[in-house]
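Below is one structure, written out as structure tokens; the observations come after it.
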Number of protein chains: 2
Amino acid sequence: MKNLLEISEKIFEKDKRFISRAISIVESDENNSIELLKLIHKKTGKAYRIGITGPPGAGKSTLTNQLTKHLIKQNKSVGIIAVDPTSPFTGGALLGDRVRMNEIGTNPNVFIRSMATRGSLGGLSKKTIDASDVLDAAGFDYIIFETVGVGQSELDIVNTADTTIVVLVPESGDSIQAMKAGLMEIADFFVLNKSDRPGSDSALMALRTILMLKDHNVDDWLPNIIKAVASENIGINEILSEIEKHKNYLIEKNLLQKKRANQLKIRIKEIVESFLRKDFWHEENIIELNKYLSNFNERIYSPYDIAEKLIHNFKTKLKE
Amino acid sequence: MKNLLEISEKIFEKDKRFISRAISIVESDENNSIELLKLIHKKTGKAYRIGITGPPGAGKSTLTNQLTKHLIKQNKSVGIIAVDPTSPFTGGALLGDRVRMNEIGTNPNVFIRSMATRGSLGGLSKKTIDASDVLDAAGFDYIIFETVGVGQSELDIVNTADTTIVVLVPESGDSIQAMKAGLMEIADFFVLNKSDRPGSDSALMALRTILMLKDHNVDDWLPNIIKAVASENIGINEILSEIEKHKNYLIEKNLLQKKRANQLKIRIKEIVESFLRKDFWHEENIIELNKYLSNFNERIYSPYDIAEKLIHNFKTKLKE
């Protein structure tokens, strides 16, 4: 492997091959990943991050592609991270999408990367954020996270965005499902995609009704609903101006900095905790834990007693 | 509050009022909760834990009620923990179910408790397991966890069961959704509820096809599919014997101990990590973190640098 300093220089030059390599490091090589992220840190913080989420089949990929095409025309560059839930059975991608690579992926101002959940969801949002730092350091103007809104981890991912778009389609119960999945709370605005379908107006009404239930203050940002037919390029300009509008709102109200500081806090806490976990579960403590487990049926020590004893050992060792 | 020792004695007597109070402590009073769980630990480990999950509207509550009625007739006692996702908007329960309280809740051998997610999903599975320890120590023969299978946290809950039942209904795409949500992997068997509806046979076929995709060894437990109409008491005996069959399989293959040891390991690790987190984020470290955050725009220290510095401080303090 080229050394990390060289890789970081190539990232700054927006060299796609090295961006891709860097994201692979982020995905699979923890130690080098941390060093690389430290090296590129100074160049981050400029990109605007957009999260696009919603139920399967809502047309998120198509929408991402259309937004990207419009942004390229405005001479902007776009990095896309598509979080791709894989089937627990086959390991293959359910939402694989090669078409888009041909459509926009070859443009020098566009970089597309799929990141798969591969069974365990834990840690994915961390890796996604790390990967977006690579794109940020490479100088992409916009970073789009595209993810199915089904689990906590997916919500964590879009929570790292500056503007989050929830895409729904006019299907019965879609907005109810979205509400249950926690999507209502995270949307900065909604896109009602495939709005040429029957039932579009009643879906719009249902969504408005649900939104009206939400408490809000006079000054709060109120999530808009934008009708679109992404596959026919209808509504894309409106979506782009809504992003712009939301961005300006955040800046004017001094909320962008605040939002990012909050996200950063969460991120640092997660890093600290992953470091602590790694520190803690070294061989000796695992042996100790297994000893307690093998005697557990005597019911002398509860899980809480065992945890306290392990922590006591850990601290004692540190003091030595 | 009565002292914890008294409460624990009342739990051992299966006093519902005190069981209820104990679960409230588990939900909201961390320090007392840990002490109480240590006190009752010696009486735990006897209950058999059943997880019931599936999409909203699959009839999980009805099924739980019917299973409970049958078990009572066999002179068994049943503790039910219903995990109740609350609406992010109103805070009210979406799946509230008072009917069951009248039907079975008044029986001295049945205890029912709803636990709500209240926005944040984190920590819920921990509290659910703690609450089930209370029911276990109270001597309930069976503990049923009933939860909507939509998120990682819900999966975590049913993962603590000895036998997990996934309830589906004959609706198009239900089994596909279940697969995406990770439900296929956790099912020890399936109940196709409302199987008197049209489309039942093709849903059964679809489910069988998906199950056949899964790799398995000769000796593995193969998840069965049981047709039922819970509201009309059809299929309940078959479900109970399938639970019995799975339980016997686990015991014969020496897997029940192994499964529980594994769950215990995960539980202890989570407790250790929550203790470490609490230890770490004391006032001094939060002030330190905020200092880094307020200078973050200078882009000198990356999130990884900051995490390392905070951990270094933490360890240095321990050594003093």
Side-chain angles (χ1 to χ4, degrees), chain A residues 34 37-38 41-45 56 85 87-90 94 121-122 148 150-153 177 179-182 184-185 210 213-215 257 261 264-265 267-269 271-273 275-277 279-281 289-290 292-293 296-297 299-308 310-311 315 318-319, chain B residues 34 37-38 41-45 56 85 87-90 94 119 121-122 148 150-153 177 179-182 184-185 210 213-215 257 261 264-265 267-269 271-273 275-277 279-281 289 292-293 296-297 299-308 310-311 315 318-319:
Chain A
I34 292 171
L37 290 163
K38 286 179 183 176
H41 174 66
K42 58 180 185 276
K43 296 276 191 183
T44 60
S87 153
F89 280 13
T90 60
L94 274 173
L121 283 168
V148 176
V150 287
Q152 189 55 42
S153 187
Q177 290 297 336
M179 184 174 76
K180 284 190 195 170
M184 289 296 165
E185 285 178 309
I210 292 173
L213 293 172
K214 198 174 172 176
D215 294 330
Q257 279 293 47
L264 180 63
K265 205 173 198 167
R267 185 178 179 194
I268 292 171
K269 284 192 171 185
I271 294 169
V272 163
E273 282 153 28
F275 283 170
L276 281 179
R277 247 193 314 270
D279 255 13
F280 192 89
W281 296 113
L289 170 62
N290 286 333
Y292 283 110
L293 289 177
F296 192 76
N297 281 342
R299 301 267 150 188
I300 298 167
Y301 298 117
S302 76
Y304 288 93
D305 291 304
I306 297 171
E308 282 172 4
L310 290 171
I311 287 178
K315 289 188 178 170
L318 278 180
K319 282 177 199 162
Chain B
I34 292 171
L37 290 163
K38 285 180 183 175
H41 174 66
K42 58 179 184 278
K43 296 276 192 183
T44 61
S87 151
F89 281 12
T90 61
L94 274 173
L121 284 169
V148 178
V150 287
Q152 188 57 42
S153 186
Q177 291 296 336
M179 185 175 76
K180 284 192 194 166
M184 289 298 167
E185 285 177 309
I210 291 172
L213 293 173
K214 198 173 172 177
D215 294 329
Q257 280 293 45
L264 180 64
K265 204 172 197 166
R267 185 177 178 195
I268 293 170
K269 285 194 170 181
I271 295 170
V272 163
E273 281 153 27
F275 283 170
L276 282 178
R277 247 193 315 269
D279 255 14
F280 192 88
W281 295 112
L289 170 62
Y292 284 111
L293 289 177
F296 192 77
N297 280 343
R299 302 267 150 188
I300 299 166
Y301 298 117
S302 76
Y304 288 93
D305 291 304
I306 297 171
E308 282 171 3
L310 290 171
I311 286 178
K315 288 188 179 170
L318 278 180
K319 281 180 200 159

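All values reported here derive from a predicted model rather than from experimental measurement. Chain letters run A, B, ... following the sequence lines, proteins first and then strands; every chain starts at 1.
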(message) Between B:N297, B:T44, B:I306, B:L37, who has the most heavy-atom pairs with chain A when the cutoff is under 4.5 Å?
(response) B:T44

(message) Tell me every residue that passes side chain to side chain contact (heavy atoms under 4.5 Å, CB included) with A:I300, counting only those two or more places apart in sequence or in another chain.
(response) A:E298

[atom2] on [Y] to [atom1] on [X], rounded to 0.5 Å:
X: B:L289; Y: A:L264; atom1: CG; atom2: CG; value: 8.0 Å
X: A:F296; Y: B:H41; atom1: CZ; atom2: NE2; value: 4.0 Å
X: B:D279; Y: A:K315; atom1: CG; atom2: NZ; value: 3.5 Å

(message) Using side chain to side chain contact (heavy atoms under 4.5 Å, CB included), reason through B:K265 and A:Y292 one step at a time and then give a plain yes or no.
(response) CA-CA 10 Å; B:K265 204 172 197 166; A:Y292 283 110; over 6 Å; no

(request) Pick one of side chain, backbone, both or neither for A:L276, based on which atoms fall under 4.5 Å of a heavy atom in chain B. (result) both

(request) Could you look at A:L318 and say if it's the side chain, the backbone, both or neither that has a heavy atom under 4.5 Å from chain B? (result) both

(request) Identify which one of B:V272, B:I34, B:I271 satisfies the side-chain contact (heavy atoms from CB on, under 4.5 Å) criterion when paired with A:E308. (result) B:I34

(request) Answer yes or no: does atom CZ of B:F275 have more than 12 heavy-atom neighbours from other residues, nucleotides or ligands under 6.0 Å? (result) yes

(request) Could you tell me whether B:Y301 atom OH has more than 12 heavy atoms of other residues or ligands within 6.0 Å of it? (result) no

(message) For a side chain to side chain contact (heavy atoms under 4.5 Å, CB included) check, start with the C-alpha distance between B:E273 and A:E273, then their side-chain angles and the critical distance, and finish with the verdict.
(response) CA-CA 8 Å; B:E273 281 153 27; A:E273 282 153 28; over 6 Å; no

(message) Is any side-chain heavy atom of B:I268 closer than 4.5 Å to one of A:L310?
(response) yes

(request) Mind ranking A:R277, A:R267, A:K42, A:K43 by heavy-atom pairs under 4.5 Å with chain B and telling me who comes out on top? (result) A:R277

(request) Taking all non-hydrogen atoms of both residues into account, name the closest pair between A:K38 and B:S302 and its distance. (result) CG-OG, 3.5 Å

